[in-house]
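Heavy atoms only: backbone and side chains are in, while hydrogens, waters and symmetry mates are out.
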Amino acid sequence: MSMIPSNIYHCCAYKTGSQWIKMIFSDDLVYKKSGMKTYSYQQFLSPKGDPRKISERIFPDPFPLKTIVTPLYIDYHSYCLIKKPADFRTFFIFRDPRDIIVSWYYSIKYTHPLMGKIPEHREKLKSFSLEEGLIYSIGYLNEFGVFEALRSWFQAFECIPDVLFFPFEELTDKKKQKFVLNRLFSHCGIELSSKNIDKIVKKYSFDRLKKKKGKSRFSHYRKGIHGDWKNDFTPAVLNKFNDLAGDLTILMDYKQ
C-alpha cells in the first residue's frame, strides 16, 4: 500500500489544464483515498491572482500540511525554495509553448473571468487582428516569464527524478487518459481502483465539460490537440515566437 504524502505539489505553466487537474484532485473519490484537500494560495490573495512573474514567485512560508497545492505556476528555481515536508510528491505538467500561446489568446480574448490585468489584455486583443493578437500574446507571455519557467524545468529534467513530468497532450488524449491518470495518482501515493478512475475520466471528460460550457470554438475547454497552433500561426507569428523562445521547443522535445 502506498504511503500518502504530507503534501502534493501540482506545478505547471499556463494553459495546461490546471483548473481541470484541480477539479479532479478535489473530487470526493480522491479525497476519500487521500484525506487531502486541495489548496490554491491565489484564492487568499486580494485581489485574487498573483501579479508576480512566473519566474519571480517565491513562497517564504510552507504550505499547509495534508494539502494538494494546486496549481502552482512556477519556475524550477522557485519550486526548489519551497519549504517542503520530508514526505511529498510533485508533478509538473507542460505543453507545447506554441499551443499555450494560441490557448492563452482565445481564453483571454473571449472567456477568462475578468480579473487583474485581463480586462486590459482583452481590450487590446479585440482591437488587433489575429496575427497582431498572437504576436502580442507571445510578447506578453515571454515578458511574464512563461518561456523562462518552462526552460528552467527542462534544463533540470535529468537532475530531478522525484518530479513526475506529464505532457498536457497525453492528458487530453482519450486513448491515453486513463493510463496517464492512473500513473499520476500512483506517483502521488493515491490508490484508486480501475473502476473509480473510469468514473473520474467520464465525469471530467473534455466532451462533457464542453457540453456544460457550450461548444463555441472559444470555450475554456478547447480541443487541446497538439499542433493546433499551425491553424493560426502565420510566418510573422512563428518568427516572433522563434526570436523570443529560441530553442525551447527542441529542449522540450517538440518537433519544429
Side-chain angles (χ1 to χ4, degrees), residues 2 8-34 38 68 70-73 89-112 146 150 153-154 157 163-233 249 252-256:
S2 299
I8 295 172
Y9 303 97
H10 164 204
C11 302
C12 57
Y14 285 150
K15 314 315 297 178
T16 54
S18 55
Q19 298 306 313
W20 180 68
I21 290 293
K22 179 183 173 182
M23 281 194 293
I24 288 174
F25 275 91
S26 301
D27 192 89
D28 286 343
L29 289 173
V30 178
Y31 177 71
K32 287 177 182 178
K33 282 293 182 180
S34 69
T38 56
I68 302 167
T70 173
L72 276 173
Y73 306 108
R89 298 287 188 278
T90 302
F91 60 94
F92 175 71
I93 298 180
F94 60 94
R95 185 181 186 182
D96 187 323
R98 295 163 295 190
D99 286 325
I100 287 177
I101 291 159
V102 173
S103 184
W104 188 88
Y105 168 83
Y106 283 111
S107 173
I108 299 303
K109 186 174 181 178
Y110 294 104
T111 63
H112 199 290
V146 174
L150 287 169
W153 283 94
F154 277 86
F157 177 77
V163 176
L164 185 63
F165 279 60
F166 264 108
F168 170 81
E169 294 84 2
E170 289 190 2
L171 286 170
T172 59
D173 187 327
K174 292 180 181 179
K175 295 180 180 179
K176 297 180 180 180
Q177 199 171 71
K178 181 179 178 180
F179 170 79
V180 169
L181 286 176
N182 182 59
R183 187 172 169 225
L184 178 56
F185 287 130
S186 295
H187 172 75
C188 293
I190 302 173
E191 293 186 349
L192 290 177
S193 66
S194 178
K195 182 178 180 180
N196 282 339
I197 292 179
D198 282 336
K199 288 181 180 179
I200 287 174
V201 168
K202 182 178 180 180
K203 183 176 181 179
Y204 298 103
S205 73
F206 279 81
D207 289 341
R208 185 171 182 273
L209 293 173
K210 281 180 182 178
K211 287 179 181 178
K212 291 176 68 176
K213 291 288 184 178
K215 295 183 178 181
S216 167
R217 167 169 165 74
F218 312 122
S219 167
H220 181 71
Y221 299 100
R222 296 178 73 245
K223 52 190 174 181
I225 297 173
H226 182 214
D228 195 30
W229 61 272
K230 296 177 184 177
N231 296 318
D232 290 320
F233 270 37
T249 54
M252 296 175 67
D253 203 25
Y254 286 110
K255 294 181 179 179
Q256 289 293 89

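- Scanning both residues, F168 and G17, for their nearest heavy atoms gives CE1-N, 3.5 Å.
- Closest approach of P71 and Q19 over heavy atoms only: CG-NE2, 3.9 Å.
- Under the 6.0 Å cut-off for aromatic ring centres, F185 and F25 qualify, their centroids lying closer than that.
- A distance of 6.0 Å or more separates the ring centres of W104 and Y14.
- With values rounded to the nearest 0.5 angstrom, M23 atom CE is found 10.5 Å from T70 atom OG1.
- Not less than 6.0 angstrom separates the ring centroid of Y254 from the ring centroid of F154.
- Taking the ring centre of F91 as origin, the terminal cationic atom of R183 falls outside the region bounded by 6.0 Å and 45° from the ring axis.
- Note: I68 CD1 to I24 CD1 = 11.5 Å, rounded to the nearest 0.5 Å.
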With side chain to side chain donor-acceptor pair (under 3.5 Å) as the test, would you mind laying out the steps for D27 and Y204 before giving the verdict?
-> CA-CA 10 Å; D27 192 89; Y204 298 103; 2.7 Å; yes
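- Residues F94 and P167 have side chains in contact (heavy-atom distance under 4.5 Å, counting atoms from C-beta outward).
- Residues Y106 and D232 meet the side-chain proximity criterion, which asks for heavy atoms closer than 4.5 Å.
- Rounded to the nearest 0.5 angstrom, S186 OG and I197 CD1 are separated by 7.0 Å.
- Atoms CD1 and NZ, on I93 and K15 in that order, are 13.5 Å from each other to the nearest 0.5 Å.
- Separation of atoms CG (L29) and CD1 (I190) is listed at 11.5 Å; rounding is to 0.5 Å.
- Minimum interatomic distance between R89 and C188 (heavy atoms only, all atoms of both residues): CG-CA, 3.8 Å.
- By the salt bridge (Lys or Arg N to Asp or Glu O under 4.0 Å) test, D173 pairs with no residue at all, sequence neighbours left out.
- Checked by atom type and distance alone, the side chain of S34 pairs as donor or acceptor with a backbone atom of V30 at under 3.5 Å.
- For K33, the NZ atom counts as loosely surrounded, since its 6.0 Å shell holds 12 or fewer non-hydrogen atoms of other residues, nucleotides or ligands.
- By the neighbour-count criterion of 12 heavy atoms within 6.0 Å, atom CZ of F165 is densely surrounded, having more than that number from other residues, nucleotides or ligands.
- The main-chain N or O of T16 is never found under 3.5 Å from a side-chain atom of R95 such that the two would form a donor-acceptor pair.
- Of the possible donor and acceptor atoms, one in the side chain of H187 sits under 3.5 Å from a partner among the backbone N and O of T90.
- The distance from the CG atom of L181 to the CG atom of D198 is 10.5 Å, given to the nearest 0.5 Å.
- Of the N and O atoms on the side chains of T38 and S26, at least one donor lies less than 3.5 Å from an acceptor on the other residue.
- Pairing each heavy atom of S18 with each of Y73, the nearest pair is OG-OH, 2.5 Å.
- Using the six-membered ring where Trp is involved, W229 and F233 have ring planes that are perpendicular, over 60° apart on the 30 and 60° scheme.
- Looking at E169, its side chain does come within 3.5 Å of a backbone N or O of D96 through a donor-acceptor pair.
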